[in-house]
Amino acid sequence: MQPRRLTRQVTIGDSRVGFVKIGGGLPNRDGTPTTPAPVSVQTMTSGYTHEIDKCVAEIHKLASAGAQIVRVAVPEKKDTDALKHIIPQVNVPIVADVHFHFQRALEAVESGVHKIRLNPGNINDRQQVIDVIQACKARKLPIRVGVNEGSIIERKDKQKRQKELGAVFSDHKHGYLLAIMIAKLEEYLDIFYEQDFHDIVISAKSMDASLVIDAYTEISKRFDHPLHLGVTHAGPKETGTIRSVVALGGLLINGIGDTVRISYANDPIYEVQDGLELLYCLGLKERIGVDLIACPTCGRIQVDLFTLIQDVRKALAEKVTVPMKVAVMGCIVNGPGEAEGADVAVFAGDRRGIIYVQGEKVANVPEEEILGRLLTECLQFQDKVKKGEAKLGEKKVEIMPPDPLGNLGSGWEKMAAERIKTGEKPIGLTVGATR
Ligand code: SF4
């Protein structure tokens, strides 16, 4: 990990919803020193903003999942009007996402929004931009300048379009797109600087992960504003997660990025979960809840691990808040090793689960009792941690595989055969056979 890039600091929020700082490390313009704020996770609601109750419920859901900032779309006046009713009911800073109509930004400011996002690709009338800047300045609200690959190329003025397309970022594989992104940003930010406005966050998104990495890297060399990282139009969750994580992870490893939004076509609650997991994995945020380790399964598997791991994940997500490490392993090959590194662990042997807490064997139960017993052990361990009677990550003894292990071997086949014998649905066979 490279050290975090130092930036100016932007603060978003109010005394009621709380303040979230973005970036930092460079002094404020009045000379006050700042320290870099932890990288924050944000997302955007998927419903209509003017459906006030639903919008409030969605914001609550996203905030509960860990979103520190939530953005809402405001395409119509009824959306900015709705903000007056939404903002007093929520507990996270709200950003108005403004495109095409600068009036929406002015209305959102009047409605008490905490930050504005402007797109230079579709709000570029100089006086309109100045009006928004002045409105935000009067209320001390930050503005995110978000250039997007999809809306950056001039579409109305053919001459301007030709000129822009001729601008090539020399010796760079992304050529004109990167050049246009940087040029638009420079041109746009000049208006902000002329107005002595510096509460700026920058984003430069594309659906191409490598362009995102290049664009943010170039921007980080040219501007000292904090950066909102994101990949746009990333596709469905399955591929969008990878696009986002590759780009954002690469940038964060290089110390670039101050707030992140993972985005794809699915419930935004997953965007929040994935954003948090990305930061946890890179050690940029202290984990809340369980760090779940599971084996990928193979032909040695001794229990239906696919079902078990999902049940464990769901149960622990609802009940465990301390960052304990829990390992769920399909057999003894890696079971003891992983169990040693975990606070609570189970590894399987012949349709049974052997459960350990910090290296001490506490149970050996049949498959159908694994979930319940593991959950009990996790909750008891959590209580001890909270009371100061146990410490996370403290291993007490070396784990040896139990003896005898029973009849191990081709696990999926054995499970499927037993299930068929007892009339159970042969989940193991179906899943195992298609792997
Ligand atoms: S722990 Fe066992 S079942 Fe799981 S992947 Fe490793 S060898 Fe296979």
Side-chain angles (χ1 to χ4, degrees), residues 238 241-242 245 273-274 277 280-281 287 289-317 320 323-378 381 392-422 424-435:
E238 293 74 13
T241 311
I242 294 171
V245 167
Q273 291 169 355
D274 288 349
E277 193 58 41
Y280 294 151
C281 288
R287 186 178 287 276
V290 165
D291 185 2
L292 192 54
I293 301 159
C295 80
T297 79
C298 74
R300 294 184 192 88
I301 197 161
Q302 299 297 314
V303 293
D304 179 2
L305 200 84
F306 287 172
T307 307
L308 178 63
I309 194 72
Q310 287 307 327
D311 291 347
V312 169
R313 188 187 64 80
K314 200 159 167 269
L316 296 184
V320 175
M324 67 171 77
K325 212 172 243 186
V326 177
V328 181
M329 307 300 289
C331 81
I332 60 147
V333 171
N334 292 315
E338 288 294 351
E340 271 181 3
D343 294 301
V344 182
V346 57
F347 62 88
D350 202 12
R351 300 208 73 180
R352 297 188 70 80
I354 300 111
I355 300 176
Y356 289 79
V357 177
Q358 294 210 309
E360 281 185 299
K361 185 175 160 190
V362 293
N364 181 339
V365 293
E367 182 173 6
E368 56 277 14
E369 292 175 25
I370 295 176
L371 178 65
R373 186 61 189 265
L374 189 71
L375 188 57
T376 304
E377 295 300 336
C378 286
F381 179 69
L392 292 170
E394 214 164 61
K395 182 184 74 169
K396 295 206 183 88
V397 292
E398 297 284 325
I399 295 178
M400 298 301 288
D403 186 32
L405 284 166
N407 178 24
L408 304 181
S410 299
W412 287 113
E413 274 173 22
K414 193 167 52 179
M415 273 184 270
E418 282 184 31
R419 280 175 186 239
I420 288 164
K421 203 166 61 190
T422 56
E424 276 182 73
K425 202 171 148 206
I427 302 168
L429 179 63
T430 313
V431 178
T434 55
R435 287 174 64 250

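Every number for a ligand or one of its atoms is a count from 1 in the order of the listing.
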Where do [X] and [Y] come nearest, in terms of heavy atoms and distance?
| X | Y | answer |
| --- | --- | --- |
| V344 | M324 | CG2-SD, 4.2 Å |
| Y280 | R287 | CE2-CA, 3.2 Å |
| I355 | R373 | CD1-CG, 3.6 Å |
| Q302 | C331 | CG-CB, 4.0 Å |

Pair E369 + R352: basic N to acidic O under 4.0 Å: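 Not counted as a salt bridge, because no side-chain N and carboxylate O are separated by less than 4.0 Å.
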So which protein N/O/S atoms does atom 8 (Fe) of ligand 1 have within less than 2.8 Å?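 Under 2.8 Å from atom 8 (Fe) of ligand 1 - ignoring waters, which are not counted - the protein N, O or S atoms are C298 SG.
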Just verifying a value: how many Å separate D274 CG and T241 OG1, rounded to the nearest 0.5 Å?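 Result: 4.5 Å between the selected atoms.
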